[in-house]
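Take a look at the structure set out below.
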Amino acid sequence: MNNILTVKCGGSIINDLSDTFFESLNELKSRGYSLVFVHGGGPDINEMLSKEGIEPVFINGLRKTSAEVLGIAELILSGKTNRSLVEKLESHGIPAIGLNGSDCGIFQAELIDEAALGAVGEVKSVNTGVLNSLLEKGITPVLTPISSTGPGKKANVNADMAAGAAAKAMNSKMCLFVTDVKGVLIEKKIQKSLTKTETESYIRNGTIYGGMIPKVKTALAVLDQGVNDVMIVSGTERFFKDGEFIGTKFVKEEGY
Ligand SMILES: Nc1ncnc2c1ncn2[C@@H]1O[C@H](COP(=O)(O)OP(=O)(O)O)[C@@H](O)[C@H]1O
Ligand SMILES: CC(=O)N[C@@H](CCC(=O)OP(=O)(O)O)C(=O)O
């Protein structure tokens, strides 16, 4: 498939995606893009954990995942946020199918550091054949980041990182990280573009923090891996109009 656009939709925004957001997606579709969605669900997972009396623990933006936490993360991601996103896409005229990332080994992962993080993985390979066959039929795959680590075994993967892996494996032309802010804010203003050096210094001085860290790191890695258009955009606004994007674009260093 040509012109693949991988979209990561953050759990922070799934419930608040606006009509103008879907108008932007439809404008991109009409320009020939096929969409692949990967979504999160962090806030809903936290809410369910708190109902179960479990305190969420994050290490460098990654959720420490016991067997019990993995069960709850999968329940919420595949049973709640995935359903909600598929319904919204379909109601805006985008035929979509929701899948757990572990289905058919779409995302195959390895554990990062079982002693420190439990069942947290990073994606090592992607079953692109399944995704391409859906795209050829005009169907948008909507994937949770839950990944397979072997027959019958699963891991929790940060959704930004899973989307980055999908963007690269699918040779995407573009990768968008959709979140609850209009882009990376520096001194309260949207930063139109960011290089690796600038991003690293904003992480060091605390201007970029929390859930924005895995997002910008993945965005830079995706850019490095050959996806040319990588952006952070808002899910509550029209982020694309008349060929122009609103958000933060990641760019290579000058002379690179
Ligand atoms: N420099 C920054 N600019 C904008 N948002 C930032 C920045 N640094 C940290 N953030 C935080 O990152 C959040 C988005 O990340 P996160 O909550 O993990 O979203 P998602 O669920 O979409 O992945 C923003 O709502 C904001 O609180
Ligand atoms: C390992 C890890 O951190 N997994 C994430 C997966 C969901 C996610 O990334 O959701 P957002 O995009 O809303 O942050 C988690 O359990 O929260």
Side-chain angles (χ1 to χ4, degrees), residues 7-17 21 37-50 54 56-66 68-78 80-82 84-85 100-102 107 109-114 116-123 143-147 149 154-166 176-192 194 198-219 231-236 239 247-248:
V7 185
K8 189 276 177 162
C9 194
S12 65
I13 196 68
I14 288 181
N15 295 329
D16 300 315
L17 292 170
F21 167 77
F37 268 83
V38 180
H39 66 85
D44 285 332
I45 298 170
N46 288 344
E47 195 184 318
M48 190 64 180
L49 288 175
S50 101
I54 301 170
V57 178
F58 285 88
I59 301 170
N60 296 328
L62 302 177
R63 186 189 303 280
K64 194 170 177 183
T65 303
S66 64
E68 195 180 9
V69 170
L70 177 62
I72 290 172
E74 184 176 12
L75 175 80
I76 295 298
L77 289 165
S78 64
K80 188 173 182 215
T81 46
N82 187 275
S84 162
L85 186 52
N100 214 13
S102 58
F107 289 138
E110 285 175 12
L111 298 186
I112 296 174
D113 178 353
E114 196 172 3
L117 290 165
V120 172
E122 61 185 331
V123 175
L143 308 170
T144 77
I146 297 292
S147 300
T149 49
K154 290 174 194 169
N156 186 10
V157 172
N158 171 273
D160 294 315
M161 292 165 70
L176 297 178
F177 294 86
V178 180
T179 187
D180 61 351
V181 284
K182 285 189 196 174
V184 177
L185 300 168
I186 307 294
E187 290 172 3
K188 298 189 183 157
K189 283 210 190 110
I190 310 175
Q191 189 75 9
K192 287 204 169 141
L194 274 177
E198 287 167 341
T199 307
E200 282 169 353
S201 85
Y202 288 130
I203 293 176
R204 267 196 308 276
N205 72 16
T207 310
I208 293 176
Y209 57 89
M212 191 53 80
I213 295 177
K215 212 177 300 304
V216 295
K217 284 190 172 168
T218 307
M231 295 196 69
I232 294 179
V233 300
S234 165
T236 58
F239 66 83
T248 300

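Along the sequence shown, residues are numbered consecutively beginning with 1. Atoms within a ligand are numbered from 1 in the order they appear, just like the ligands themselves. Worth knowing before you read on, the calculation uses all heavy atoms, side chains too, and leaves out hydrogens, waters and symmetry mates.
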Whether Cys9 lies under 4.0 Å from ligand 1, heavy atom: no
Test item: Leu194 and Val184 side chains (from C-beta on) under 4.5 Å apart, heavy atoms: yes
Ligand-side contact atoms (ligand 2) for residue partner Gly11, heavy atom cut-off under 4.0 Å: 11 (P), 12 (O), 13 (O)
Distance-only side-chain donor-acceptor flag, Asn100 / Thr144, under 3.5 Å: yes
Close N or O approach (Asn156, ligand 2; < 3.5 Å): yes
Among His39, Glu187, Lys215, closest by any non-hydrogen atom to atom 23 (O) of ligand 1: Lys215
Any Lys8 heavy atom less than 4.0 Å from ligand 2: yes
Whether Gln191 lies under 4.0 Å from ligand 1, heavy atom: no
Region of Val181 that comes within reach of ligand 1 [heavy atoms, distance under 4.0 Å]: side chain
Gly40 heavy atom under 4.0 Å from ligand 1: no
Nearest-contact summary for atom 2 (C) of ligand 2 - protein heavy atom, Å: Arg63 N, 3.6 Å
Sub-4.0 Å atoms of ligand 2 with respect to non-hydrogen atoms of Ala159: 8 (C), 9 (O), 12 (O)
Gly42: numbered ligand 2 atoms lying under 4.0 Å from its heavy atoms: 10 (O), 11 (P), 13 (O), 17 (O)
Numbered atoms and elements of ligand 2 in range of Val157, under 4.0 angstrom, heavy atoms: 1 (C), 4 (N), 6 (C)
Which of the ligand 1 atoms, numbered from 1, are nearer than 4.0 Å to a heavy atom of Val184: 1 (N), 3 (N)
Whether Ile208 lies under 4.0 Å from ligand 1, heavy atom: yes
Atom 27 (O) of ligand 1: the protein heavy-atom neighbour that sits closest, reported with distance to 0.1 Å: Tyr209 OH, 4.0 Å
Distance-only N or O hit between ligand 2 and Asp160, under 3.5 Å: no
Any Ala73 heavy atom less than 4.0 Å to ligand 2: no
Test item: Ser147 side-chain N/O and Pro145 main-chain N/O as donor-acceptor pair under 3.5 Å: yes
Residue Asn158 vicinity, atoms of ligand 2 by number, heavy atom under 4.0 Å: 1 (C), 2 (C), 4 (N), 9 (O)
N/O separation below 3.5 Å, Phe58 to ligand 2: no
Heavy-atom neighbours of Asn60 CG exceed 12 at 6.0 Å: no
Where ligand 2 meets Gly40 - atom numbers and elements under 4.0 angstrom, heavy-atom basis: 8 (C), 10 (O), 11 (P), 12 (O), 13 (O)
Ligand-residue contact atoms, ligand 1 with Thr179, heavy atoms, under 4.0 Å: 14 (C), 19 (O), 20 (P), 22 (O)
Those atoms of ligand 2 less than 4.0 Å from some heavy atom in Leu62: 3 (O)
Numbered atoms and elements of ligand 1 in range of Ser12, under 4.0 angstrom, heavy atoms: 19 (O), 20 (P), 21 (O), 22 (O)
